[in-house]
Number of protein chains: 2
Amino acid sequence: MNLDATFQALADPTRRDMVERLARAPATVSELAQPYAMSLPAVVQHLAVLEASGLVRSEKQGRVRTCRVEPAALSLAEQWFNQRRAEWDARLDRLGEHLKRFPDGEPK
Amino acid sequence: MNLDATFQALADPTRRDMVERLARAPATVSELAQPYAMSLPAVVQHLAVLEASGLVRSEKQGRVRTCRVEPAALSLAEQWFNQRRAEWDARLDRLGEHLKRFPDGEPK
DNA sequence: CATATACTTAAGTCATAACTTAAGTGATTG
DNA sequence: CAATCACTTAAGTTATGACTTAAGTATATG
């Protein structure tokens, strides 16, 4: 559940697509792999990256592994953006106040 | 302004820190570099990654380059999470409806 | 119980990322 | 106008990522 691993995981289009699909519904490894033009092991490696980041978790029953997204991990990343936006807005506010106080530029 | 480059850029803690600081206020390259225990070229390379992603833009005046965040690029990434959340919620809703209709499990 | 299924493990290849040091360029400044 | 300052460019090193193929291991299923 750390941002390094989370953003790293989301930097790959295949992995982002996997998360998009898993956000709509859980899927098995083979189902997940089906659309991609790559070997199964490659898909499983992508999955491992997603699991390591905490974005996805999976559970094996018999010989079938079912994967689902972990919304908490998505929220954590989302929060990072919320905080940046808050800081950005705070700065704009300070800037506005400042301009109201010194409309003709900084006093020398 | 693509998500691959954006998330890739944010996957590095130094670059995330740079964005955090630039969200609070613009800074020159040297100011930006000052806290980090790495060479200036390394910092500039991080900066190049941020600029390539569109998260940061910079402008040179004389020999000083000033950097600032591009909030639009942050928004774009933020939206990706909004969409995932929306899909996740939609799925929970469908599931709830379904359970209301078949409280004792799927009809065989 | 032999065979197919659904992954798993292992190992190797090739490209990219994250630095480094050394040497340059062009704008200020004493 | 010589020195300093604020980057820039170039090139090399080491680690990490994104695959591949080949072979293996538990579950089902006919």
Side-chain angles (χ1 to χ4, degrees), chain A residues 1-22 25-69 73 77, chain B residues 1-22 25-70 73 77 108:
Chain A
M1 295 257 283
N2 73 101
L3 289 176
D4 273 36
T6 300
F7 286 132
Q8 185 61 55
L10 295 176
D12 183 275
T14 300
R15 286 194 296 259
R16 250 186 352 265
D17 189 62
M18 287 177 168
V19 171
E20 291 177 15
R21 291 169 59 207
L22 292 177
T28 69
V29 172
S30 327
E31 284 167 0
L32 212 49
Q34 195 267 320
Y36 309 123
M38 67 178 74
S39 67
L40 220 203
V43 169
V44 173
Q45 281 168 34
H46 280 304
L47 213 38
V49 173
L50 288 169
E51 291 210 49
S53 77
L55 284 166
V56 167
R57 95 191 123 81
S58 73
E59 201 183 339
K60 197 165 184 175
Q61 289 189 54
R63 60 187 172 175
V64 178
R65 177 172 296 278
T66 303
C67 312
R68 52 193 81 247
V69 284
Chain B
M1 294 258 282
N2 74 103
L3 289 176
D4 273 34
T6 301
F7 285 131
Q8 184 60 54
L10 294 176
D12 183 274
T14 300
R15 286 193 297 257
R16 249 185 353 265
D17 189 63
M18 287 176 169
V19 171
E20 291 177 16
R21 292 169 56 207
L22 292 176
T28 68
V29 171
S30 327
E31 284 167 0
L32 212 50
Q34 194 269 319
Y36 309 122
M38 68 180 72
S39 67
L40 220 205
V43 169
V44 173
Q45 281 168 35
H46 280 304
L47 212 38
V49 173
L50 288 169
E51 291 210 48
S53 76
L55 284 165
V56 167
R57 96 191 124 82
S58 74
E59 201 182 340
K60 197 165 184 176
Q61 290 188 53
R63 59 186 174 178
V64 179
R65 177 173 295 278
T66 302
C67 312
R68 52 193 83 247
V69 285
E70 191 60 69
K108 186 65 184 306

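Keep in mind it's a predicted model, so treat the numbers as computed, not measured. Residue numbers begin at 1 in each chain, while the letters A, B, ... track the order of the sequences.
Here B/Thr28 lies in heavy-atom contact (under 4.0 Å) with sugar-phosphate atoms only. B/Ser39 comes within 4.0 angstrom of a base, heavy atoms only.
Interatomic distance, B/Thr6 OG1 to B/Glu70 CD, rounded to the nearest 0.5 Å: 11.5 Å.
Nucleotide C/dA18 holds its P atom 10 Å from the CG atom of A/Asp4, rounded to whole Å. Distance A/His46 NE2 to D/dC19 P: 4 Å, rounded to the nearest Å. Atom CG in B/Asp12 sits about 19 Å away from atom P in C/dT16, given to the nearest Å. B/Gln8 places its CD atom 6 Å from the P atom of C/dA17, with the value rounded to the nearest Å. Rounded to an integer number of Å, the gap from CG of A/Leu47 to P of C/dA6 is 16 Å. Atom CD of A/Glu59 is separated from atom C1' of C/dA6 by 16 Å (rounded to the nearest Å). With rounding to whole Å, B/Gln61 atom CD is found 12 Å from D/dC7 atom P. One atom, OH of A/Tyr36, and another, P of D/dT20, lie 14 Å apart when rounded to the nearest Å.
Here the side chain of B/Arg68 pairs no donor or acceptor atom with the backbone of B/Glu59 at under 3.5 angstrom.
Of the candidates C/dC19, D/dA6, C/dA6, the closest approach to any side-chain atom of B/Ser30 belongs to D/dA6. Of the candidate nucleotides D/dA10, C/dA4, D/dA22, C/dA4 has the atom lying nearest to any side-chain atom of A/Arg63. For A/Met38, the listed nucleotide lying nearest its side chain is D/dT20; candidates were D/dT20, C/dC19, C/dG26. Of the candidates D/dA6, C/dT20, C/dT5, D/dA6 carries the atom nearest the B/Val64 side chain, counting heavy atoms from C-beta on. Side chain of B/Leu40, nearest nucleotide from D/dC7, C/dA10, D/dA6: D/dC7.
Results of the side-chain contact (heavy atoms from CB on, under 4.5 Å) test with B/Leu55 over B/Leu50, B/Leu22, B/Val69, B/Val49 single out B/Leu50 as the only residue that passes.
Between the side chain of B/Arg65 and the base of D/dC7, no donor-acceptor pair under 3.5 Å is found. One N or O donor and one acceptor, one from the side chain of A/Gln45 and one from the base of D/dT20, sit under 3.5 Å apart.
Close to C/dA18, at under 4.0 Å from its OP1 or OP2, lies a side-chain N or O of B/Arg15. Regarding contacts with the backbone of C/dA27, every side-chain N or O of B/Lys60 stays at 4.0 angstrom or more from both OP1 and OP2.
Contact detail for B/Val43 and B/Tyr36: the closest heavy-atom pair is CG2-CD1, 4.3 Å.
If you find the closest nucleotide of DNA chain D to A/Gly62 and to A/Val43, the one lying nearer the 5' end belongs to A/Val43.
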Go through it in stages, so that I can follow the logic: the residues are B/Ser53 and B/Gln8, the test is side chain to side chain donor-acceptor pair (under 3.5 Å), and I'd like the CA-CA distance, side-chain angles, deciding distance and then a yes or no. CA-CA 8 Å; B/Ser53 76; B/Gln8 184 60 54; over 6 Å; no

